[in-house]
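Only one structure is covered here, and it is reproduced in the block below.
As the structure is a computational prediction, the values presented were derived from the model and not from experiment. Throughout, a chain's letter reflects where its sequence line sits, starting with A, and its residues are numbered from 1.
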Number of protein chains: 2
Amino acid sequence: MKSNSTTIKDIAYLLDISASTVSRALNNHHEVSPKTRQAVLKAAKKLNYQPNALAIGLVKNRTNTLGVLMPDITQPFYSSAISGIEYVAVERGYYVLICQSDESYQKEMDLVSMLNKYRIDGLIICPATTTARYQHLREVNKTTPLVQFDRVVEKIESHKVVSNDYQGAYEVVTHLLQCGYQRIAHIAGPKQLSISKNRKRGYLDALKNARRSVEEQYICTCTLAQDHMRGCTEMLLDLPYPPDAIFAVNDPTALEVMYVAKQRKLAIPEDIAIVGFDDQSLTSYLNPSLTTVSQPSFAMGQTAAEMLIAQIESNAKVLFEKKVFNTSLVIRDSSQKS
Amino acid sequence: MKSNSTTIKDIAYLLDISASTVSRALNNHHEVSPKTRQAVLKAAKKLNYQPNALAIGLVKNRTNTLGVLMPDITQPFYSSAISGIEYVAVERGYYVLICQSDESYQKEMDLVSMLNKYRIDGLIICPATTTARYQHLREVNKTTPLVQFDRVVEKIESHKVVSNDYQGAYEVVTHLLQCGYQRIAHIAGPKQLSISKNRKRGYLDALKNARRSVEEQYICTCTLAQDHMRGCTEMLLDLPYPPDAIFAVNDPTALEVMYVAKQRKLAIPEDIAIVGFDDQSLTSYLNPSLTTVSQPSFAMGQTAAEMLIAQIESNAKVLFEKKVFNTSLVIRDSSQKS
DNA sequence: TTGTAGGCGTTATCAT
DNA sequence: ATGATAACGCCTACAA
C-alpha cells in the first residue's frame, strides 16, 4: 500500500549516479555540478519524490518538529495561541504537532511520552488542571527544550510565557468597586494552577488596597468541571448576603454564572455583575455582553514559539526568561450599573 | 542535548546480551525466556528507555499515526470531531497528528505533503473552503488510506463521513414555513463545498415542495469570510422587500446575521428569524438563543477513525462506504414567533 | 532461546 | 564533483 514511494536510490538508479550525490543535489550542497543538480531535481519531480522525514530525523537526530500540548484546543485562548505558534513555526521551517490533554493528568503524561518517542525538537506545554505532579515535565526538560505556557511551574527551570494574571484580576476588582459593587465574590480555579493563584492574589490585593474586608465566604475554589462551576455559583447566590458581583476565573465559568443567574431571574448587571477572564470570541455576542479580561493569546503563542526555536538552535547555554504579557480589561454590559 | 537517550544497545550492553534479544523482549515476542524478559524490562525502566518512533517507523513502514487535517480547529464542530477521532485512535493504539489549514488551499497542500513525509498510516481530511482543486488528495489517496470528512469530493474514491445536510436544511425551512415566515432567505456557502450544495438543495426543495416560489434575490453565496458574511446580510436586509427569515449555512454566519440585525434594531424573531447550522456550544447562551441544526460531530469523528483504521489494517481490497449521519433541528428563540 | 547480519532511507565522512 | 561506506535505532529472517 505504502510501498510505492520513491527514494533517493530510485533517483540515483535512474540517473546512474550515487545516492550521496542525489542527496547533495536535493539539499543544495554547493559541491555539486549545476548539471547534475538539474537532472536530479527533474527526476525527483518526475518520480514524485517525497523525502522520508523518519529517516532524516533518525540520522540528523533532529525532526524540525515542535510539540504543542494544550489542555483543550476548543478554547479560543488556546486555539488562538496555537495559531500564533504555527505562524512562527511555519516561518522558521518547523512542523507542529498539536495534542490536547482534555485536562487529564494521565493523558498529559501519555502524550508527553509519545511526543518524546517522536523525538520532537522542543515542547510547548500548558499543563492540565488535574496535573499536580510534574515529574514528567522535569523528565522532558532534561533532554528537550521546553517552554511552559500560561500555567507554569515556577520551580521548573525553562522559558515561560504567561499573561499578567495578577494585574488583570486587580483591574477587574477595581473596576467593580468603582461601579459601586459592594460584595464582590470570586470563583477561583484549582489551587495548583499558577493562573488561579495569581488571579486570586490580584482579587485579594485590590480589595485590600481599597480597604475592603475580604470575606472567605465570597471566595470559592472551583475544579472547572461544568457541574462544579454551577455548584459554586449556586452556593454563592444562596448565601444569606449573596454577592452583588462575581468575578470568575475564566470565561467558561462566567458563562455558567450567567446561566444560573438568568435561571434565577436576576438582572445583570443590576442585581449582579459578572466578569470573566480570557475574552473568548463569542462573549461580545452574549446578552448581556460579558465584561472580561483580554489576553494577547496569539502574540503569546508567537513568543513561545520564538523562544523555543531560539533555544533549539542555540549552542550556548540559554538564560531562561519569563515573558509576562499585559492584559486589558474589556468593559461590557455585564458589569455596568447604569 | 538530545543525545542522552538510551537505546536497546545500551540495555543489551548492560545485560551482556544481544540487541535483538532486547528487541524481542520489549515486543513480547514469545520466543524469549521469562528470565531475560524480566531483566530487560527492569533495565529498560531503570535506564528510562523510550523507543525511537522514527526508527521503528522506518523499518516497519508503519507509524501507527493518523493524520487529521481540519480547516479550523477552533470551531466546535471540528474540535468535537477531533475528540471523537482521538477517542477511537487511543483505544486502538494510534497516535493522532492534528493540523489546521486555516481554510487556506496552499496551507492544506503543504500540510498534506508534510504529513506524507512523516509516513502517516492514514489521513482524515476536511478540505478548506478555498480548495477547488483536488490533485493533492488524489495523490495521497494513491498511497495512503484516506477518509473524507464533512466536506467531500464525490469523485474521489474513499470512505466518506458526512451529515445529512440536505435533510437538516430541509427541516429548517419547513420549520420556518410552519412558523409563518414568508420570505425565507438563504446565505449559502462556497459553491465548491459539498455541504453548501446539499444545504442549499434542502432549502430549495423545501420551498418547492411547499409550493413556494424560489426567489434568486433571497439567495446569496458567501465566501465565509467574516466581512462577506456581514456584506451578504446587509445586502439581503437592504432589499426592497427584505426577507423575514434568514437561514445561514453555518453558525458563525448566523452570528454575524444576528449582529447586523441587532445593529439595525430589528426584533428577533419578530422582525426576522435567524437559523444557523452546527449547534456550536455557545449558541444556546445567546440572546436570543439560536435555532440551529445539531450534528453528531463526536460520533462522526469516531466513525471516521474506525473506518480509517479498519482500512489500514485490512489486507483485502476495501469497499468504500459513505456514512451519512442524521441531523436534528434544535428550535430555540431566534425562530419562534410567539 | 539467543546471536548475527542485513536493511529501512537518509546524511556525513572519507576517499577518489 | 562524485562515490563508497558507515551510521542513526530498530526489527527480522536466518543461523546456531
Quiz item: Looking at A:Leu58 and B:Ala55, what are the two nearest heavy atoms and their distance?
Solution: CD1-CB, 3.9 Å

Exercise. Within residues 23-33 of chain B, find the residues that approach DNA chain C with a heavy atom at under 4.0 Å, and present them sorted by residue number.
Key: B:Arg24, B:Glu31, B:Val32, B:Ser33

Exercise. Output the single nucleotide from C:dG3, C:dA12, D:dG3 whose closest atom is nearest the side chain of B:Thr21.
Key: C:dG3

Quiz item: Which residues in residues 37-59 of chain A have at least one heavy atom lying under 4.0 Å from any atom of DNA chain D?
Solution: A:Leu58, A:Val59

Quiz item: Considering all heavy atoms of both residues, which atom of B:Gln148 and which atom of B:Ile156 are nearest to each other, and what is their separation?
Solution: NE2-O, 3.1 Å

Exercise. Could you state the atom-to-atom distance from CD1 of A:Ile11 to P of C:dT10 in whole Å?
Key: 8 Å

Exercise. Only counting residues at least two apart or in another chain, list the ones meeting side-chain hydrogen bond (donor to acceptor under 3.5 Å, both in side chains) with B:Arg151.
Key: B:Tyr78, B:Glu103

Quiz item: Would you say a side-chain N or O of A:Ser20 is under 4.0 Å from OP1 or OP2 of D:dG3?
Solution: no

Quiz item: Which whole-number value in Å describes the distance from B:Tyr118 OH to C:dG9 C1'?
Solution: 14 Å

Quiz item: CZ of A:Phe298: more than 12 outside heavy atoms within 6.0 angstrom?
Solution: yes

Quiz item: C:dT11 C1' sits how many Å from A:Lys9 NZ, rounded?
Solution: 13 Å

Quiz prompt | Interatomic distance where CZ belongs to A:Arg62 and C1' belongs to D:dG9 [whole Å] | solution = 19 Å

Quiz item: Is any side-chain heavy atom of B:Val40 less than 4.5 Å from a side-chain heavy atom of B:Thr21?
Solution: no

Quiz item: To the nearest angstrom, how far is B:Lys60 atom NZ from D:dG9 atom P?
Solution: 18 Å

Quiz item: Which pair of non-hydrogen atoms, one from B:Gln50 and one from A:Arg119, has the smallest distance, and what is that distance?
Solution: O-NH2, 3.3 Å

Practice problem: In whole angstrom, give the distance that lies between atom CD1 of A:Ile8 and atom P of D:dT2. | Solution: 15 Å

Quiz item: What residues, two or more places apart in sequence or in another chain, satisfy side-chain hydrogen bond (donor to acceptor under 3.5 Å, both in side chains) together with B:Ser33?
Solution: B:Thr36

Practice problem: Indicate whether OP1 or OP2 belonging to C:dT1 is found under 4.0 Å from a side-chain N or O atom of B:Lys35. | Solution: no

Exercise. Using atom CZ of A:Arg119 as one end and atom C1' of D:dC10 as the other, report the distance to the nearest whole Å.
Key: 11 Å

Taking only distance into account, with no hydrogens and no angle test, what donor-acceptor pairs under 3.5 Å do side-chain atoms of residues 89-99 of chain A form with protein atoms, sequence neighbours excluded?
residue	atom	partner	partner atom	Å
A:Arg92	NH2	A:Glu313	OE1	3.0
A:Tyr94	OH	A:Arg62	NH2	3.0
A:Tyr94	OH	A:Glu313	OE2	2.8

Quiz item: Can a side chain N or O of B:Thr7 be found less than 4.0 Å away from OP1 or OP2 on D:dG9?
Solution: no

Practice problem: Only counting residues at least two apart or in another chain, list the ones meeting ring-ring contact (aromatic ring centres under 6.0 Å, His included) with A:Tyr134. | Solution: none

Exercise. Nearest whole angstrom, please: distance from the P of D:dG9 to the OH of B:Tyr13.
Key: 17 Å

